[in-house]
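Below, chains carry the letters A, B, ... as their sequence lines are ordered, and counting in each starts from 1. All of these numbers come straight from a predicted model, not from anything done at the bench.
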2 protein chains.
Amino acid sequence: MSKSKSGKIKQNKASISRQEILNVAAKMMRDVGYSHMSLRDLAQKVDMKAGSLYYHFSSKDALVGEVMRVGVDIVSSAVIEELQTLPTETASHDRVLAAMHIHLRTLLSASDFSSAHIRCYPFVPEAVRQDLLDHRRSYDRIWTDLLTSHIRASNHKLTNEEQQAKVRHLRHAILGALNWSLEWFDEDRDDIQAYVASLEPLLGSR
Amino acid sequence: MSKSKSGKIKQNKASISRQEILNVAAKMMRDVGYSHMSLRDLAQKVDMKAGSLYYHFSSKDALVGEVMRVGVDIVSSAVIEELQTLPTETASHDRVLAAMHIHLRTLLSASDFSSAHIRCYPFVPEAVRQDLLDHRRSYDRIWTDLLTSHIRASNHKLTNEEQQAKVRHLRHAILGALNWSLEWFDEDRDDIQAYVASLEPLLGSR
DNA sequence: GTCTATAGCAAGATAGAC
DNA sequence: GTCTATCTTGCTATAGAC
């Protein structure tokens, strides 16, 4: 096992190689996509031969699945932690803004894994998508809860159905506008804070 | 030549096959991506053998490039036509809403080509992306002009630089929220008009 | 743990028959 | 215009040496 019961990573030889493989694979998936990432190229970049990868992963899809699982978990954890640091009395409007900010920052600066997940998800085999369902749903849940609180706080006259539709649309609009930034954001020119501010009107008047 | 000087398509045998190949290729690119779409599979779906495709296209990338070029042109033309039908006195706010609506409708109901373009663009070879630059820029230009008018109409105190940054962010936010719909929109459950309405706050007070 | 070597298959592309 | 046949290359994956 490469992890102890407490979850701490033992830095033995295997886990170091394994982690390096994952790091490079994430970058390649982000850049060239699922199908075009070959195990030969990947192995070369980590100074190995292709066959050696199978000591660490049982198949290409197992490796790809792990990259994508880490990708969603990184953003998920970052958002959860950020929300926990906010004072309990923080208005839901501000909680949503904080979540948007940390989602975007994690995506853009901290994680090839997350961008690999977002870009490759439509094209990986169905079996890989199935294995990701739980992790994706649990991240969706964070946003659904966050936005439900927000909608409730600012609008008391909706039926349950109307409320759910509104939350759903708002969630997709926000995550769409944020995730799409992978295709254009340039950290030298663009400012995360400014972009999030431009999305704030979606949340309605404060 | 498969087209006359006027641009009308002659329905000879070659152009029919060619069009059918493009239609099926668009659907495959949308579903499985650039790398995973094989010419053998494509040929089978149009009742041909792989080699025969080379009578119509000089390479896989030439075919892929044409699918994507058509994809952006379809949306571009649809938006241009829609804007022309609007009364000249139409407020820029409403012109933007109309453009959002037709962009989304074209993307979701009318064009495997456009969704193939959006999904595959990050992963096609650099040479293919280069060939698409002009067409993509000319579509971007439509939105930049549209949103510049809108920002000017609703805010007179910005410097040129601030205005351009605002337009740029707004454009990416809108197109991100619209294009991302490929990943979740279900025409049986979701309503285009309702989703566009939920994005309207991005445009500020009327 | 990583290597060499290779099996087994599928890809893009081409030549020439029809 | 389309087919058959094939070349060349590249892929995932496995077996067994070290």
Side-chain angles (χ1 to χ4, degrees), chain A residues 1-3 9-26 28-29 31-68 116 120 123-128 131, chain B residues 1-3 9-26 28-29 31-68 116 120 123-128 131:
Chain A
M1 304 293 277
S2 61
K3 292 186 183 182
I9 295 167
K10 290 182 188 168
Q11 292 294 345
N12 54 24
K13 196 172 179 187
S15 77
I16 292 174
S17 296
R18 186 184 158 86
Q19 189 57 50
E20 179 64 6
I21 292 167
L22 288 168
N23 290 341
V24 173
M28 291 181 72
M29 287 171 62
D31 290 342
V32 303
Y34 164 78
S35 299
H36 198 66
M37 176 191 73
S38 82
L39 300 186
R40 278 172 162 82
D41 286 351
L42 168 56
Q44 196 184 14
K45 286 190 212 290
V46 296
D47 292 311
M48 280 187 181
K49 301 297 174 178
S52 309
L53 298 173
Y54 286 82
Y55 175 81
H56 301 280
F57 301 93
S58 64
S59 69
K60 179 181 181 178
D61 284 356
L63 164 58
V64 163
E66 177 139 352
V67 167
M68 295 178 74
C120 294
F123 300 136
V124 296
E126 179 59 27
V128 176
D131 286 347
Chain B
M1 302 295 277
S2 60
K3 291 184 185 184
I9 295 167
K10 289 182 190 167
Q11 291 294 346
N12 54 25
K13 197 171 177 187
S15 77
I16 293 175
S17 296
R18 187 185 157 86
Q19 190 57 50
E20 179 63 7
I21 292 167
L22 288 169
N23 291 341
V24 174
M28 290 181 72
M29 286 171 63
D31 290 342
V32 304
Y34 164 78
S35 299
H36 199 65
M37 176 189 73
S38 83
L39 299 186
R40 282 175 162 81
D41 286 352
L42 168 56
Q44 197 184 10
K45 285 189 213 289
V46 296
D47 292 313
M48 280 187 180
K49 300 296 173 180
S52 310
L53 297 173
Y54 286 83
Y55 174 80
H56 301 280
F57 302 92
S58 64
S59 69
K60 178 181 182 178
D61 283 355
L63 164 57
V64 162
E66 178 140 350
V67 166
M68 295 178 74
C120 293
F123 299 136
V124 296
E126 179 59 26
V128 176
D131 287 345

Check: residues 39-49 of chain B side-chain donor-acceptor pairs under 3.5 Å, at least two apart:
none

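Put simply, the side chain of A/Lys60 gets close to the backbone of A/Tyr34: a donor and an acceptor are under 3.5 Å apart.
Look at CG on A/Leu63: it is 14 Å from C1' on D/dA13, rounded to the nearest Å. Summarising the geometry, the separation between CZ on A/Arg18 and C1' on C/dT2 is reported as 17 Å, rounded to the nearest angstrom. Distance A/Leu53 CG to C/dT4 P: 13 Å, rounded to the nearest Å. A straight line from CZ of B/Phe57 to C1' of D/dT2 spans 15 Å, rounded to a whole angstrom. Straight-line distance from the CD atom of B/Gln44 to the C1' atom of D/dT2: 16 Å, rounded to whole Å.
In terms of the side chain to side chain contact (heavy atoms under 4.5 Å, CB included) criterion, residue partners of A/His36 (sequence neighbours excluded) are, by chain and number, A/Val32, B/Ser35. Partners of B/Ala26 by side chain to side chain contact (heavy atoms under 4.5 Å, CB included), not counting sequence neighbours, listed by chain and number: B/Val67, B/Asp112, B/Phe113. For B/Asp131, there are no side chain to side chain contact (heavy atoms under 4.5 Å, CB included) partners two or more places apart in sequence or in a different chain. The side chain to side chain contact (heavy atoms under 4.5 Å, CB included) search around A/Phe57 returns A/Arg18, A/Ile21, A/Leu22, A/Leu63, A/Glu66, not counting sequence neighbours.
Put simply, B/Ser52 has a side-chain N or O that comes within less than 4.0 Å of OP1 or OP2 on D/dC3. Regarding contacts with the backbone of C/dT2, every side-chain N or O of A/Tyr55 stays at 4.0 angstrom or more from both OP1 and OP2. Side-chain nitrogen and oxygen atoms of A/Ser17 include at least one within less than 4.0 Å of the OP1 or OP2 phosphate oxygen of C/dT2.
B/Met29 and B/Cys120 make their closest contact through O-SG, 3.4 Å (heavy atoms, listed as atom of the first residue, atom of the second, distance). When all heavy atoms of B/Val128 and B/Gly65 are compared, the pair lying nearest together is CG1-CA, 4.0 Å.
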N/O contacts under 3.5 Å, protein versus nucleotides 16-18 of chain D?
none

Got a list of protein N/O to nucleotides 11-13 of chain C N/O distances below 3.5 Å?
residue	atom	partner	partner atom	Å
C/dA11	OP1	B/Ser38	OG	3.3
C/dA11	N7	B/Arg40	NH1	3.1
C/dG12	OP1	B/Met37	O	3.4
C/dG12	OP1	B/Lys60	NZ	3.0
C/dG12	OP2	B/Leu39	N	2.8
C/dG12	N7	B/Arg40	NH1	3.0
C/dG12	O6	B/Arg40	NH2	3.2
C/dA13	OP2	B/Tyr54	OH	2.5
C/dA13	OP2	B/Lys60	N	2.9
C/dA13	O5'	B/Tyr54	OH	3.1

